[in-house]
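Throughout, protein chains are lettered first and strands after them, A, B, ... in sequence-line order, and every chain is numbered starting at 1.
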Amino acid sequence: MEIVVASGKGGTGKTFVSSNLTYFLRSLGAKVVAVDADAEAPDLLLALGGASENVYSREVYRSRKAVIDHGRCVSCMKCFETCRFNAIELSNGKPVVVEEYCEGCGACSIVCPSNAISFVVKRTGLISCDVSKYGIKVVTADLEVGGRNTGELVYMAKEEAHRIADSEGAKYIVVDAAAGIGCPVISSLAGADILIVVVEPSPQSLKGARRLLEVAESFRTRNLLILNKYDLNPNFSEKVASTLGIEVLGKIPYDYTIVKAYASMTPFLAYSSGGRALKPLVESFRTLYEGVLK
Amino acid sequence: MTKIITVAGGKGGTGKTTVAVNLSYLLSKRGKTILVDADVENPCVPATIAGRIVVNRIVEVKGFKPVFDYGKCVKCGLCVEKCPEHSLTMLPSGRIIYFETLCSGCSSCMLVCPANAISEGYRLEGLFRFGRALDTMDVIVGEIVPGNRRSGVLIARLIEENLENFRKYDFVVIDSPPGTFAGVYSTIKHAETILAVTEPTPLGVNDLRKFIKLARKYGKEDINVVVNKYGIPGGSYEEIERIVEELGLRLFKIPYSRIVFDSVVRGVLVVEEYPESDAAKSIERLALALS
């Protein structure tokens, strides 16, 4: 069973929820594999206490970029005119490739009259599997800075997690999705059974959640809501719940202890001096486990 | 002389939009300013100023999509073969099935078709809203159509297609999305000054490192670390100080305060509503240092 934690807006507490949910399931004796699908800013392993063992790391080379052979180029500018992605710029009258914008689609090479354009494979990122300090396997997608094809990298990380789950008999896969509603989030949602939307009581977060649910519609996930930091704006929290109209799993109050737990590289649920968010968080997870997962 | 300032930082929810909005408001008193909301997946500038934007132009950003003329099609299958995203399939009848969500809009299918059976159709990728914010500055808000997978392409268009326009301003403030992908590259590509907004947590620090790696990869020198929510107990202050010192960056601090959160939720500016607060003064110092 695949559980995705997403939000639309950044910083609402996705990693907080996914790391602690993973830890919670593990502490019940359930086998669980975690996936860090926030490939642009991966933090899940850190939130789960850091790595005690790196099982493997694999470089992924799945992106393509155009290369122009200026010895052959006749400066006809057909490539410049054809590219739809701003990936060809002019420099001293010669076309040059902006690597970060290049989709590797090949349109420029189709129109080039002098066969001056070829394609090379470039690094997409890294997929790692680590065992966290708490004995949980974490698969991390880590995108090359300035890179693209994030969705593909996330998809590969999820496939890897399913492979591990199958071989180890793990029942649950928890996916910590990226902020936003773009390619990596869409890949996180594809094939997922449950979507936990983490929202904080602000109009910005509400808007992000609505856009996320719009995207999630075609994936037929079972959608559940966690209202994080709800006490910072209780009235708005009620509005969030009624506007989104999805089942509320729990309301978590703002708690400084969460920062302290992070600082000591300990999941909040394992942090000995757990604060006021502890009980509501455990109750949310118990509701999820008893009512949905089991 | 135009100064492009990009507000980014890696992690989400650290306060990029809060900084961008307050900073651009202050800069607008010193020179002609435009604020660009480049977080197209979830643009938050409008909510952060409670919708106080007068929109005077909406540009529908269109991308390519193929239109098939079966009267001309010779069923050669070249379009299917050359589609880099595998968004086309040919049925035995010769009919082409098009998966729009996979299509990047590159137009390779149209370019390779030997029978001129594919022509240019359009689909909506997103919107650029042009207007005036808070009566003091111009604004552009980019917003992608939900379900579109190519936010990076839309952000690149938002920046590159408005670059000429930017030259008319003294200050261009770009509110970047979280992360470190190609779309974030677009927002820093032309910037003189980078603000890396972070929060004093191990996650904030971890993402800050990756973001700085991105900014330095592209030769950015004027990188300023802005620590928001400064003062929360148990924060990773030493780590941030170490990064800043090691790399010779400038450090700014915005103290943690309920006033900031409440202002963001209500859509008012801290620097406008609570100019005497420590948070407002810290953003004032930032504006002064950048102008």
With only heavy atoms counted, which part of [X] is less than 4.5 Å from chain A, the side chain, the backbone, both or neither?
{"X": "Arg209(B)", "answer": "neither"}
{"X": "Lys210(B)", "answer": "both"}
{"X": "Pro46(B)", "answer": "neither"}
{"X": "Thr48(B)", "answer": "both"}
{"X": "Tyr218(B)", "answer": "side chain"}
{"X": "Glu239(B)", "answer": "neither"}
{"X": "Lys16(B)", "answer": "neither"}
{"X": "Arg150(B)", "answer": "side chain"}
{"X": "Val40(B)", "answer": "backbone"}
{"X": "Ile188(B)", "answer": "neither"}

Segment of [X] engaging chain B (4.5 angstrom heavy-atom cut-off):
{"X": "Ala39(A)", "value": "backbone"}
{"X": "Gln204(A)", "value": "both"}
{"X": "Ser205(A)", "value": "neither"}

How about residues 104-112 of chain B versus chain A: which residues have heavy atoms under 4.5 Å apart?
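Ser104(B), Gly105(B), Cys106(B), Ser107(B), Ser108(B), Met110(B), Leu111(B), Val112(B) fall under the 4.5 Å cut-off.
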Residues two or more places apart in sequence or in another chain: which of them pass ring-ring contact (aromatic ring centres under 6.0 Å, His included) with Phe236(A)?
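Testing Phe236(A) for ring-ring contact (aromatic ring centres under 6.0 Å, His included), a comparison that skips the adjacent residues, returns none.
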Identify each donor-acceptor pair in which a side-chain atom of residues 174-185 of chain B lies under 3.5 Å from a protein atom, sequence neighbours left out, and give them as a table.
unit_1: Asp175(B); atom_1: OD2; unit_2: Thr17(B); atom_2: OG1; d: 2.8
unit_1: Ser176(B); atom_1: OG; unit_2: Thr187(B); atom_2: OG1; d: 2.9
unit_1: Thr180(B); atom_1: OG1; unit_2: Glu40(A); atom_2: O; d: 2.8

Sequence neighbours left out, what passes side chain to side chain donor-acceptor pair (under 3.5 Å) with Asp37(B)? Give chain and number order.
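Checked Asp37(B) against side chain to side chain donor-acceptor pair (under 3.5 Å); zero matches.
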